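Structure first, then comments.
One-based numbering, in listed order, for ligands and for the atoms of each. Values in this document were obtained by computation on a predicted structure and should not be read as measured data.
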Amino acid sequence: MKRQQVGIEALAIAVPRRYVDLAELARARGVDPAKYTSGLGAREMAVYDPGEDTVALAASAVSRLLRTHQVDASRIGMLVVGTETGVDHSKPVASHVQGLLKLPRTMRVYDTQHACYGGTAGLMAAAEWIASGAAAGRSAVVVCSDIARYGLNTAGEPTQGAGAVALLVSEQPDLLALDVGLNGSCSMDVYDFWRPLGRREAVVDGHYSIQCYLEALSGAYRGWRERALAHEVVRWGSTTPGEQLARILYHVPFCKMARKAHTQLRLCDLEDAPNAANTTAEAREELAKSSASYEAQVASSLSLNARVGNVYTASLYLALAGLLHAESGTLAGQRLGLLSYGSGCASEFFSGVVGAQAAQRMARTDVEAVMARRERVSVEEYERLMKLPGDGPEVLAPAPGEFRLAEIRDHKRHYVEGAAS
Ligand code: HMG
(Lines give C-alpha, C1' and ligand atoms only; values in the text may rest on other atoms or scores of the structure.)
Protein backbone atom coordinates (compact mmCIF):
# COMPACT_ATOMS: atom_id res chain seq x y z
CA MET A 1 0.00 0.00 0.00
CA LYS A 2 1.34 3.45 -0.91
CA ARG A 3 1.98 5.71 2.05
CA GLN A 4 1.15 8.98 0.27
CA GLN A 5 -2.13 10.48 1.49
CA VAL A 6 -4.82 10.83 -1.14
CA GLY A 7 -8.57 11.07 -0.90
CA ILE A 8 -11.57 13.34 -0.59
CA GLU A 9 -10.78 16.87 0.58
CA ALA A 10 -14.29 18.36 0.33
CA LEU A 11 -17.73 17.64 -1.13
CA ALA A 12 -20.94 19.42 -2.14
CA ILE A 13 -24.40 18.21 -3.10
CA ALA A 14 -27.14 19.41 -5.47
CA VAL A 15 -30.73 18.14 -5.45
CA PRO A 16 -33.87 19.05 -7.41
CA ARG A 17 -35.98 21.83 -5.90
CA ARG A 18 -39.03 19.59 -5.40
CA TYR A 19 -39.87 16.30 -3.70
CA VAL A 20 -42.88 14.06 -3.09
CA ASP A 21 -43.84 12.33 0.14
CA LEU A 22 -43.71 8.56 -0.30
CA ALA A 23 -46.54 7.73 2.09
CA GLU A 24 -48.75 10.01 -0.02
CA LEU A 25 -47.52 8.34 -3.23
CA ALA A 26 -48.27 4.91 -1.73
CA ARG A 27 -51.85 5.95 -0.90
CA ALA A 28 -52.31 7.28 -4.45
CA ARG A 29 -51.15 3.90 -5.79
CA GLY A 30 -53.41 1.94 -3.45
CA VAL A 31 -50.41 0.49 -1.60
CA ASP A 32 -49.98 0.24 2.19
CA PRO A 33 -47.67 3.23 3.01
CA ALA A 34 -45.64 0.93 5.29
CA LYS A 35 -44.43 -0.95 2.20
CA TYR A 36 -42.60 2.18 1.00
CA THR A 37 -41.60 3.65 4.36
CA SER A 38 -40.72 0.45 6.21
CA GLY A 39 -40.44 -2.20 3.46
CA LEU A 40 -38.19 -0.01 1.28
CA GLY A 41 -37.10 2.40 4.04
CA ALA A 42 -37.84 5.61 2.10
CA ARG A 43 -39.55 8.79 3.29
CA GLU A 44 -39.34 11.24 0.37
CA MET A 45 -38.26 11.18 -3.25
CA ALA A 46 -36.70 13.97 -5.31
CA VAL A 47 -38.89 15.18 -8.18
CA TYR A 48 -37.06 16.81 -11.09
CA ASP A 49 -38.26 18.55 -14.23
CA PRO A 50 -36.43 18.55 -17.59
CA GLY A 51 -34.63 21.77 -16.61
CA GLU A 52 -32.87 19.87 -13.83
CA ASP A 53 -30.99 17.45 -16.04
CA THR A 54 -27.74 15.62 -15.30
CA VAL A 55 -25.65 18.55 -16.55
CA ALA A 56 -27.55 21.16 -14.50
CA LEU A 57 -27.29 19.06 -11.33
CA ALA A 58 -23.57 18.35 -11.89
CA ALA A 59 -22.74 22.00 -12.62
CA SER A 60 -24.73 23.15 -9.57
CA ALA A 61 -22.82 20.73 -7.32
CA VAL A 62 -19.41 21.75 -8.69
CA SER A 63 -20.29 25.43 -8.44
CA ARG A 64 -21.22 24.95 -4.77
CA LEU A 65 -18.04 22.91 -4.12
CA LEU A 66 -15.74 25.59 -5.59
CA ARG A 67 -17.61 28.44 -3.90
CA THR A 68 -18.07 27.07 -0.39
CA HIS A 69 -14.56 25.63 -0.17
CA GLN A 70 -12.90 28.53 -2.02
CA VAL A 71 -11.13 26.21 -4.45
CA ASP A 72 -8.72 27.90 -6.85
CA ALA A 73 -9.72 26.36 -10.22
CA SER A 74 -6.13 26.56 -11.49
CA ARG A 75 -5.18 23.68 -9.14
CA ILE A 76 -7.64 21.27 -10.85
CA GLY A 77 -6.02 19.00 -13.43
CA MET A 78 -8.87 16.53 -13.95
CA LEU A 79 -12.65 16.80 -14.16
CA VAL A 80 -14.55 13.52 -14.33
CA VAL A 81 -18.31 13.06 -14.32
CA GLY A 82 -19.63 9.61 -13.42
CA THR A 83 -23.12 9.22 -14.85
CA GLU A 84 -25.42 6.71 -16.48
CA THR A 85 -27.93 9.35 -17.57
CA GLY A 86 -25.80 11.54 -19.84
CA VAL A 87 -27.46 13.90 -22.31
CA ASP A 88 -25.57 13.02 -25.50
CA HIS A 89 -24.05 9.88 -27.03
CA SER A 90 -20.76 11.70 -27.68
CA LYS A 91 -20.29 15.02 -25.88
CA PRO A 92 -19.60 14.35 -22.19
CA VAL A 93 -21.49 15.95 -19.32
CA ALA A 94 -18.04 16.95 -18.01
CA SER A 95 -17.46 19.25 -21.03
CA HIS A 96 -20.73 21.06 -20.31
CA VAL A 97 -19.67 21.48 -16.68
CA GLN A 98 -16.25 22.79 -17.71
CA GLY A 99 -17.87 25.35 -20.01
CA LEU A 100 -20.62 26.45 -17.62
CA LEU A 101 -18.12 27.03 -14.81
CA LYS A 102 -15.49 28.54 -17.11
CA LEU A 103 -12.87 26.09 -15.84
CA PRO A 104 -9.33 26.25 -17.28
CA ARG A 105 -8.53 24.42 -20.54
CA THR A 106 -5.47 22.80 -19.00
CA MET A 107 -7.27 19.77 -17.58
CA ARG A 108 -8.31 16.24 -18.49
CA VAL A 109 -12.13 16.23 -18.94
CA TYR A 110 -14.27 13.12 -19.47
CA ASP A 111 -17.23 11.02 -18.33
CA THR A 112 -17.14 7.51 -16.86
CA GLN A 113 -20.05 5.10 -17.30
CA HIS A 114 -20.90 1.81 -15.68
CA ALA A 115 -24.42 2.16 -14.23
CA CYS A 116 -24.19 3.27 -10.57
CA TYR A 117 -20.50 2.27 -10.40
CA GLY A 118 -19.47 5.05 -12.86
CA GLY A 119 -18.77 7.61 -10.11
CA THR A 120 -16.51 5.21 -8.23
CA ALA A 121 -14.65 4.44 -11.47
CA GLY A 122 -14.00 8.21 -11.73
CA LEU A 123 -12.99 8.52 -8.08
CA MET A 124 -10.49 5.66 -8.36
CA ALA A 125 -9.03 7.05 -11.62
CA ALA A 126 -8.53 10.40 -9.89
CA ALA A 127 -7.12 8.96 -6.66
CA GLU A 128 -4.71 6.62 -8.44
CA TRP A 129 -3.65 9.48 -10.82
CA ILE A 130 -2.74 11.53 -7.76
CA ALA A 131 -1.16 8.62 -5.83
CA SER A 132 1.00 7.68 -8.84
CA GLY A 133 2.57 11.14 -8.88
CA ALA A 134 1.29 11.83 -12.43
CA ALA A 135 -0.90 14.65 -11.12
CA ALA A 136 2.23 16.54 -10.06
CA GLY A 137 0.45 18.20 -7.13
CA ARG A 138 -2.79 18.97 -8.96
CA SER A 139 -6.24 18.00 -7.69
CA ALA A 140 -9.26 16.41 -9.38
CA VAL A 141 -12.98 17.10 -9.27
CA VAL A 142 -15.15 13.98 -9.55
CA VAL A 143 -18.88 14.51 -9.95
CA CYS A 144 -21.55 11.84 -9.63
CA SER A 145 -24.79 13.07 -11.24
CA ASP A 146 -27.89 11.12 -12.23
CA ILE A 147 -31.64 10.98 -12.74
CA ALA A 148 -33.14 7.65 -11.61
CA ARG A 149 -36.31 7.09 -13.60
CA TYR A 150 -38.47 3.96 -13.87
CA GLY A 151 -41.83 5.50 -14.71
CA LEU A 152 -45.27 5.93 -13.19
CA ASN A 153 -47.06 2.90 -11.73
CA THR A 154 -44.05 0.58 -11.95
CA ALA A 155 -42.55 -1.50 -9.11
CA GLY A 156 -39.47 0.72 -9.35
CA GLU A 157 -41.48 3.96 -9.03
CA PRO A 158 -40.83 4.50 -5.28
CA THR A 159 -37.10 3.94 -5.86
CA GLN A 160 -36.57 6.88 -8.24
CA GLY A 161 -34.67 10.09 -7.39
CA ALA A 162 -32.17 12.61 -8.74
CA GLY A 163 -29.17 14.64 -7.61
CA ALA A 164 -25.42 15.12 -7.75
CA VAL A 165 -22.44 14.97 -5.42
CA ALA A 166 -19.17 16.73 -6.32
CA LEU A 167 -15.93 15.51 -4.70
CA LEU A 168 -12.63 17.37 -4.53
CA VAL A 169 -9.90 14.70 -4.64
CA SER A 170 -6.39 15.67 -3.58
CA GLU A 171 -3.28 15.01 -1.47
CA GLN A 172 -5.04 16.78 1.41
CA PRO A 173 -7.87 14.36 2.27
CA ASP A 174 -9.58 16.38 4.98
CA LEU A 175 -12.75 14.27 4.71
CA LEU A 176 -11.53 10.77 3.85
CA ALA A 177 -7.99 9.46 3.23
CA LEU A 178 -8.42 6.46 0.92
CA ASP A 179 -6.58 3.17 1.59
CA VAL A 180 -5.20 3.07 -1.96
CA GLY A 181 -4.25 -0.48 -2.93
CA LEU A 182 -6.72 -2.35 -0.70
CA ASN A 183 -9.80 -2.18 -2.95
CA GLY A 184 -11.63 -5.39 -3.78
CA SER A 185 -13.58 -5.70 -7.06
CA CYS A 186 -16.19 -8.10 -8.38
CA SER A 187 -17.89 -7.82 -11.78
CA MET A 188 -20.16 -10.11 -13.83
CA ASP A 189 -22.02 -9.91 -17.15
CA VAL A 190 -25.69 -9.88 -16.03
CA TYR A 191 -28.97 -8.32 -17.19
CA ASP A 192 -30.32 -7.05 -13.86
CA PHE A 193 -30.95 -3.42 -14.84
CA TRP A 194 -30.29 -1.63 -18.13
CA ARG A 195 -31.51 1.26 -20.28
CA PRO A 196 -31.55 0.59 -24.02
CA LEU A 197 -30.49 3.53 -26.24
CA GLY A 198 -33.25 6.09 -26.73
CA ARG A 199 -35.21 5.19 -23.59
CA ARG A 200 -35.65 7.55 -20.64
CA GLU A 201 -36.87 4.79 -18.30
CA ALA A 202 -34.62 1.99 -17.07
CA VAL A 203 -35.63 -1.65 -17.56
CA VAL A 204 -35.10 -3.70 -14.43
CA ASP A 205 -35.44 -7.25 -13.18
CA GLY A 206 -35.91 -5.92 -9.63
CA HIS A 207 -35.61 -9.00 -7.44
CA TYR A 208 -32.80 -10.46 -9.54
CA SER A 209 -30.96 -7.11 -9.29
CA ILE A 210 -30.96 -7.47 -5.50
CA GLN A 211 -29.40 -10.95 -5.80
CA CYS A 212 -26.74 -9.63 -8.22
CA TYR A 213 -25.92 -6.77 -5.84
CA LEU A 214 -25.48 -9.17 -2.90
CA GLU A 215 -23.36 -11.63 -4.87
CA ALA A 216 -21.10 -8.86 -6.20
CA LEU A 217 -20.81 -7.37 -2.71
CA SER A 218 -19.56 -10.71 -1.34
CA GLY A 219 -16.82 -10.92 -3.98
CA ALA A 220 -15.72 -7.29 -3.59
CA TYR A 221 -15.74 -7.39 0.21
CA ARG A 222 -13.76 -10.64 0.37
CA GLY A 223 -11.18 -9.10 -2.02
CA TRP A 224 -10.80 -6.02 0.20
CA ARG A 225 -10.66 -8.15 3.36
CA GLU A 226 -7.88 -10.35 1.99
CA ARG A 227 -5.68 -7.28 1.33
CA ALA A 228 -6.72 -5.50 4.53
CA LEU A 229 -5.77 -8.59 6.56
CA ALA A 230 -2.43 -8.87 4.73
CA HIS A 231 -1.67 -5.22 5.58
CA GLU A 232 -2.91 -5.71 9.18
CA VAL A 233 -5.53 -3.00 8.76
CA VAL A 234 -8.02 -5.52 10.27
CA ARG A 235 -7.58 -8.94 11.87
CA TRP A 236 -9.56 -11.98 12.97
CA GLY A 237 -9.99 -11.79 16.74
CA SER A 238 -12.77 -11.26 19.23
CA THR A 239 -14.44 -9.15 16.52
CA THR A 240 -14.67 -9.84 12.78
CA PRO A 241 -12.84 -7.66 10.20
CA GLY A 242 -16.14 -6.00 9.20
CA GLU A 243 -16.87 -5.12 12.83
CA GLN A 244 -13.55 -3.26 13.01
CA LEU A 245 -14.82 -0.64 10.54
CA ALA A 246 -16.41 2.29 12.40
CA ARG A 247 -19.14 2.66 9.75
CA ILE A 248 -19.94 0.88 6.50
CA LEU A 249 -21.57 2.79 3.65
CA TYR A 250 -23.37 1.01 0.84
CA HIS A 251 -24.77 1.87 -2.57
CA VAL A 252 -28.35 2.83 -1.67
CA PRO A 253 -30.96 2.28 -4.40
CA PHE A 254 -33.47 2.33 -1.50
CA CYS A 255 -32.58 2.40 2.19
CA LYS A 256 -33.67 -1.16 3.00
CA MET A 257 -31.04 -2.37 0.49
CA ALA A 258 -28.30 -1.10 2.82
CA ARG A 259 -29.70 -3.35 5.54
CA LYS A 260 -29.74 -6.38 3.22
CA ALA A 261 -26.19 -5.53 2.12
CA HIS A 262 -24.98 -5.29 5.71
CA THR A 263 -26.47 -8.68 6.57
CA GLN A 264 -24.65 -10.15 3.55
CA LEU A 265 -21.33 -8.59 4.54
CA ARG A 266 -21.66 -9.95 8.06
CA LEU A 267 -22.51 -13.36 6.67
CA CYS A 268 -19.27 -13.32 4.63
CA ASP A 269 -17.29 -12.74 7.84
CA LEU A 270 -19.25 -15.24 9.92
CA GLU A 271 -18.91 -17.97 7.25
CA ASP A 272 -15.18 -17.36 6.70
CA ALA A 273 -14.15 -16.85 10.35
CA PRO A 274 -11.47 -19.31 11.60
CA ASN A 275 -13.96 -20.61 14.19
CA ALA A 276 -16.95 -20.86 11.76
CA ALA A 277 -17.18 -24.63 12.20
CA ASN A 278 -18.28 -24.06 15.82
CA THR A 279 -21.59 -22.46 14.70
CA THR A 280 -24.48 -23.70 12.58
CA ALA A 281 -25.57 -21.99 9.35
CA GLU A 282 -28.86 -20.98 11.06
CA ALA A 283 -27.02 -19.37 13.98
CA ARG A 284 -24.77 -17.46 11.57
CA GLU A 285 -27.78 -16.18 9.61
CA GLU A 286 -29.42 -15.00 12.80
CA LEU A 287 -26.22 -13.23 13.94
CA ALA A 288 -25.76 -11.63 10.51
CA LYS A 289 -29.19 -9.96 10.78
CA SER A 290 -28.26 -8.21 14.05
CA SER A 291 -30.18 -4.94 14.37
CA ALA A 292 -27.60 -3.68 16.86
CA SER A 293 -24.84 -4.01 14.28
CA TYR A 294 -26.95 -2.29 11.59
CA GLU A 295 -27.84 0.57 13.94
CA ALA A 296 -24.22 1.01 15.05
CA GLN A 297 -22.50 0.73 11.68
CA VAL A 298 -24.99 1.71 8.96
CA ALA A 299 -28.19 3.54 9.96
CA SER A 300 -26.69 6.99 10.52
CA SER A 301 -25.48 7.21 6.90
CA LEU A 302 -28.97 6.98 5.39
CA SER A 303 -30.58 10.27 6.39
CA LEU A 304 -30.13 12.03 3.03
CA ASN A 305 -30.82 8.93 0.92
CA ALA A 306 -34.17 8.48 2.71
CA ARG A 307 -35.15 12.01 1.59
CA VAL A 308 -33.77 12.01 -1.97
CA GLY A 309 -34.19 8.43 -3.25
CA ASN A 310 -31.88 6.63 -5.64
CA VAL A 311 -29.27 8.88 -7.25
CA TYR A 312 -27.49 6.03 -9.08
CA THR A 313 -23.76 7.04 -9.22
CA ALA A 314 -24.21 9.56 -6.40
CA SER A 315 -26.05 7.29 -3.94
CA LEU A 316 -22.95 6.04 -2.11
CA TYR A 317 -21.52 9.56 -1.92
CA LEU A 318 -24.83 11.00 -0.73
CA ALA A 319 -24.57 8.45 2.10
CA LEU A 320 -21.04 9.71 2.79
CA ALA A 321 -22.32 13.31 2.84
CA GLY A 322 -25.13 12.33 5.22
CA LEU A 323 -22.79 10.42 7.53
CA LEU A 324 -20.13 13.12 7.71
CA HIS A 325 -22.77 15.82 8.10
CA ALA A 326 -24.07 13.97 11.18
CA GLU A 327 -20.93 12.46 12.67
CA SER A 328 -17.70 13.91 11.27
CA GLY A 329 -16.67 15.22 14.72
CA THR A 330 -16.79 11.84 16.42
CA LEU A 331 -15.45 9.83 13.46
CA ALA A 332 -12.14 11.67 12.97
CA GLY A 333 -9.31 9.13 12.75
CA GLN A 334 -11.68 6.18 12.30
CA ARG A 335 -11.89 3.87 9.29
CA LEU A 336 -14.98 3.60 7.06
CA GLY A 337 -15.81 0.82 4.58
CA LEU A 338 -17.59 1.75 1.33
CA LEU A 339 -19.37 -0.53 -1.14
CA SER A 340 -20.09 0.71 -4.66
CA TYR A 341 -22.40 -1.31 -6.94
CA GLY A 342 -23.41 -0.72 -10.55
CA SER A 343 -25.81 -3.00 -12.37
CA GLY A 344 -24.59 -4.95 -15.32
CA CYS A 345 -22.56 -5.39 -13.08
CA ALA A 346 -19.49 -4.08 -11.22
CA SER A 347 -18.80 -3.59 -7.56
CA GLU A 348 -15.91 -2.35 -5.47
CA PHE A 349 -15.31 -2.37 -1.73
CA PHE A 350 -12.82 0.18 -0.45
CA SER A 351 -11.94 1.93 2.79
CA GLY A 352 -10.61 5.19 4.12
CA VAL A 353 -9.90 7.09 7.31
CA VAL A 354 -11.90 10.18 8.30
CA GLY A 355 -9.65 13.25 8.47
CA ALA A 356 -8.99 15.41 11.52
CA GLN A 357 -10.40 18.42 9.63
CA ALA A 358 -13.62 16.66 8.58
CA ALA A 359 -15.91 18.56 10.97
CA GLN A 360 -14.56 21.95 9.85
CA ARG A 361 -14.98 20.95 6.20
CA MET A 362 -18.53 19.71 6.73
CA ALA A 363 -19.45 22.92 8.57
CA ARG A 364 -18.75 24.74 5.29
CA THR A 365 -20.76 22.18 3.29
CA ASP A 366 -24.26 23.57 3.53
CA VAL A 367 -26.02 20.18 3.26
CA GLU A 368 -28.92 21.11 5.53
CA ALA A 369 -29.49 24.45 3.77
CA VAL A 370 -29.63 22.71 0.38
CA MET A 371 -32.22 20.22 1.68
CA ALA A 372 -34.24 22.90 3.49
CA ARG A 373 -34.78 24.88 0.26
CA ARG A 374 -36.80 22.07 -1.31
CA GLU A 375 -40.57 22.27 -1.61
CA ARG A 376 -43.03 19.39 -1.30
CA VAL A 377 -45.34 18.80 -4.27
CA SER A 378 -48.52 16.76 -4.55
CA VAL A 379 -48.68 13.43 -6.36
CA GLU A 380 -50.63 15.17 -9.17
CA GLU A 381 -47.83 17.74 -9.63
CA TYR A 382 -45.19 14.99 -9.56
CA GLU A 383 -47.10 13.12 -12.28
CA ARG A 384 -47.38 16.28 -14.38
CA LEU A 385 -43.62 16.87 -14.16
CA MET A 386 -42.86 13.23 -15.01
CA LYS A 387 -44.96 13.52 -18.18
CA LEU A 388 -43.11 16.59 -19.51
CA PRO A 389 -41.00 15.76 -22.59
CA GLY A 390 -37.25 15.52 -21.91
CA ASP A 391 -36.53 18.44 -24.24
CA GLY A 392 -39.29 20.70 -22.88
CA PRO A 393 -38.02 22.44 -19.73
CA GLU A 394 -40.31 24.80 -17.83
CA VAL A 395 -39.32 28.46 -17.69
CA LEU A 396 -38.15 28.71 -14.07
CA ALA A 397 -35.36 30.83 -12.60
CA PRO A 398 -32.62 28.68 -11.03
CA ALA A 399 -31.57 29.42 -7.44
CA PRO A 400 -28.46 31.62 -7.08
CA GLY A 401 -25.35 29.67 -8.10
CA GLU A 402 -27.39 26.84 -9.62
CA PHE A 403 -27.96 25.92 -13.27
CA ARG A 404 -30.99 24.92 -15.37
CA LEU A 405 -31.46 23.72 -18.91
CA ALA A 406 -33.30 26.58 -20.66
CA GLU A 407 -33.77 25.17 -24.17
CA ILE A 408 -32.42 22.86 -26.87
CA ARG A 409 -31.84 24.75 -30.13
CA ASP A 410 -30.21 23.24 -33.24
CA HIS A 411 -29.38 20.13 -31.15
CA LYS A 412 -27.41 22.32 -28.72
CA ARG A 413 -28.30 22.57 -25.04
CA HIS A 414 -28.47 26.03 -23.48
CA TYR A 415 -28.23 26.51 -19.73
CA VAL A 416 -28.89 29.49 -17.46
CA GLU A 417 -27.28 30.25 -14.11
CA GLY A 418 -29.19 31.71 -11.16
CA ALA A 419 -28.09 35.26 -10.42
CA ALA A 420 -26.21 35.81 -7.15
CA SER A 421 -28.56 36.99 -4.39
P1 HMG B 1 -41.74 -4.97 -5.16
O2 HMG B 1 -41.79 -6.31 -5.77
O3 HMG B 1 -42.85 -4.03 -5.46
O4 HMG B 1 -41.63 -5.02 -3.59
O5 HMG B 1 -40.37 -4.25 -5.64
P6 HMG B 1 -41.58 -6.30 -2.62
O7 HMG B 1 -42.85 -7.06 -2.71
O8 HMG B 1 -40.29 -7.05 -2.79
O9 HMG B 1 -41.56 -5.53 -1.23
C10 HMG B 1 -40.48 -4.74 -0.87
C11 HMG B 1 -40.26 -4.88 0.64
O12 HMG B 1 -41.39 -4.32 1.31
C13 HMG B 1 -40.16 -6.33 1.11
O14 HMG B 1 -39.24 -6.35 2.15
C15 HMG B 1 -41.57 -6.61 1.64
O16 HMG B 1 -41.61 -7.63 2.62
C17 HMG B 1 -41.91 -5.26 2.26
P18 HMG B 1 -38.04 -7.45 2.14
O19 HMG B 1 -38.69 -8.78 2.18
O20 HMG B 1 -37.29 -7.25 0.85
O21 HMG B 1 -37.21 -7.12 3.33
N22 HMG B 1 -43.34 -4.99 2.39
C23 HMG B 1 -43.88 -4.39 3.46
N24 HMG B 1 -43.33 -3.93 4.59
C25 HMG B 1 -44.16 -3.34 5.51
N26 HMG B 1 -45.49 -3.24 5.32
C27 HMG B 1 -46.10 -3.70 4.21
C28 HMG B 1 -45.28 -4.31 3.21
N29 HMG B 1 -45.51 -4.86 1.99
C30 HMG B 1 -44.32 -5.28 1.50
N31 HMG B 1 -47.42 -3.59 4.04
C32 HMG B 1 -38.10 -3.62 -5.80
C33 HMG B 1 -39.26 -3.92 -4.85
C34 HMG B 1 -36.92 -3.10 -4.99
C35 HMG B 1 -37.68 -4.92 -6.50
C36 HMG B 1 -38.56 -2.56 -6.84
O37 HMG B 1 -38.84 -1.34 -6.21
C38 HMG B 1 -37.53 -2.32 -7.95
O39 HMG B 1 -37.50 -3.04 -8.94
N40 HMG B 1 -36.66 -1.26 -7.78
C41 HMG B 1 -35.63 -0.94 -8.78
C42 HMG B 1 -34.47 -1.92 -8.75
C43 HMG B 1 -33.55 -1.75 -7.55
O44 HMG B 1 -33.59 -0.76 -6.86
N45 HMG B 1 -32.69 -2.76 -7.34
C46 HMG B 1 -31.73 -2.71 -6.24
C47 HMG B 1 -30.47 -3.54 -6.47
S48 HMG B 1 -29.69 -3.17 -8.05
C49 HMG B 1 -28.94 -1.63 -7.77
O50 HMG B 1 -28.84 -1.18 -6.67
C51 HMG B 1 -28.48 -0.88 -8.99
C52 HMG B 1 -29.34 0.32 -9.38
O53 HMG B 1 -29.11 1.38 -8.47
C54 HMG B 1 -29.07 0.75 -10.81
C55 HMG B 1 -27.64 0.98 -11.27
O56 HMG B 1 -26.70 0.33 -10.88
O57 HMG B 1 -27.51 1.80 -12.19
C58 HMG B 1 -30.82 0.00 -9.30
Side-chain angles (χ1 to χ4, degrees), residues 22-23 25-27 29-43 45-46 54 82-86 111-122 144-163 165 186-196 199-218 220 249-264 285 288-289 291 294 302 305-306 308-319 338-348:
L22 279 185
L25 180 64
R27 282 190 286 273
R29 297 289 176 259
V31 170
D32 179 353
K35 175 174 176 184
Y36 290 1
T37 56
S38 161
L40 296 174
R43 278 168 51 200
M45 186 174 83
T54 302
T83 184
E84 57 177 295
T85 49
D111 285 1
T112 46
Q113 185 195 327
H114 187 141
C116 300
Y117 172 74
T120 301
C144 307
S145 182
D146 267 309
I147 312 272
R149 182 180 170 103
Y150 297 96
L152 302 174
N153 293 298
T154 62
E157 182 178 25
T159 66
Q160 300 176 112
V165 179
C186 180
S187 53
M188 305 175 275
D189 177 12
V190 290
Y191 261 113
D192 62 333
F193 163 106
W194 62 108
R195 191 164 63 87
R199 282 185 63 125
R200 287 175 84 193
E201 281 84 20
V203 187
V204 61
D205 188 345
H207 293 279
Y208 176 56
S209 73
I210 294 173
Q211 279 175 37
C212 293
Y213 178 131
L214 296 177
E215 196 177 329
L217 175 155
S218 304
L249 300 114
Y250 296 95
H251 167 58
V252 192
F254 52 92
C255 290
K256 181 78 160 291
M257 189 68 223
R259 189 173 195 128
K260 291 178 192 288
H262 191 59
T263 299
Q264 183 72 17
E285 286 219 1
K289 285 186 193 147
S291 284
Y294 169 79
L302 299 174
N305 302 80
V308 176
N310 195 355
V311 206
Y312 290 162
T313 50
S315 285
L316 174 63
Y317 303 99
L318 194 65
L338 299 93
L339 184 275
S340 179
Y341 177 77
S343 285
C345 72
S347 71
E348 193 147 333

Can you figure out which of [options] has its heavy atom closest to [atom]?
atom                    : options                       : answer
atom 57 (O) of ligand 1 : Arg195, Glu84, Gln113, Met257 : Glu84
atom 10 (C) of ligand 1 : Thr313, Leu40, Thr85, Val31   : Leu40
atom 4 (O) of ligand 1  : Gln211, His251, Lys35         : Lys35
atom 36 (C) of ligand 1 : Ala155, Ser38, Ala26, Gly206  : Ala155

Contact atoms of ligand 1, heavy-atom distance to [X] under 4.0 Å:
X      : value
Gly342 : 56 (O)
Ala115 : 55 (C), 56 (O), 57 (O)
Asn310 : 53 (O), 58 (C)
Phe254 : 34 (C), 44 (O), 46 (C)
Gly156 : 37 (O), 38 (C), 40 (N)
Val204 : 42 (C)

Is it true that the side chains of [X] and [Y] contain a donor and an acceptor less than 3.5 Å apart?
X      : Y      : answer
Ser218 : Gln264 : yes
Tyr213 : Ser347 : no
Thr85  : Thr54  : yes

Could you tell me the residue and atom name of the protein heavy atom closest to atom 41 (C) of ligand 1, and the distance to it rounded to 0.1 Å?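 Answer, as residue, atom name and distance: Thr159 OG1, 3.5 Å.
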
Among protein heavy atoms, which sits nearest to atom 2 (O) of ligand 1, and what does the distance come to when rounded to 0.1 Å? His207 NE2, 2.9 Å

So is Tyr117 close enough to ligand 1, meaning a heavy atom under 4.0 angstrom away? no

Lys260 near ligand 1, heavy-atom distance under 4.0 Å?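 Contact check Lys260 vs ligand 1: positive.
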
Say whether Ser343, considering both its backbone and side-chain N or O atoms, lies within less than 3.5 Å of an N or O atom on ligand 1. yes

Lys256-ligand 1 polar pair, N/O distance under 3.5 Å: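 Yes, since at least one N or O of Lys256 sits under 3.5 Å from an N or O of ligand 1.
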
Check side chain to side chain donor-acceptor pair (under 3.5 Å) between Arg259 and all other residues, then give those that pass, not counting sequence neighbours.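 In terms of side chain to side chain donor-acceptor pair (under 3.5 Å), with neighbours along the sequence ignored, Arg259 is linked to Ser291.
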
So do the side chains of [X] and [Y] get within less than 4.5 Å of each other, counting heavy atoms only?
X      : Y      : value
Leu22  : Phe254 : no
Met45  : Tyr36  : no
Val190 : Cys345 : yes

Check for a donor-acceptor pair, side chain of Ser340 on one end and backbone N or O of Glu348 on the other, with a separation under 3.5 Å.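 Checking the backbone N and O of Glu348 against the side chain of Ser340, no donor-acceptor pair under 3.5 Å is found.
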
Is it true that a side-chain atom of Thr112 and a backbone atom of Gly118 form a donor plus acceptor pair closer than 3.5 Å?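 Side chain of Thr112 to backbone of Gly118, a donor-acceptor pair under 3.5 Å: yes, one is there.
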
Scan for salt bridge (charged side-chain N to carboxylate O under 4.0 Å, His left out) pairs involving residues 205-218, sequence neighbours excluded, and state none if there are none.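 Passing the test, one end in residues 205-218: no pairs.
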
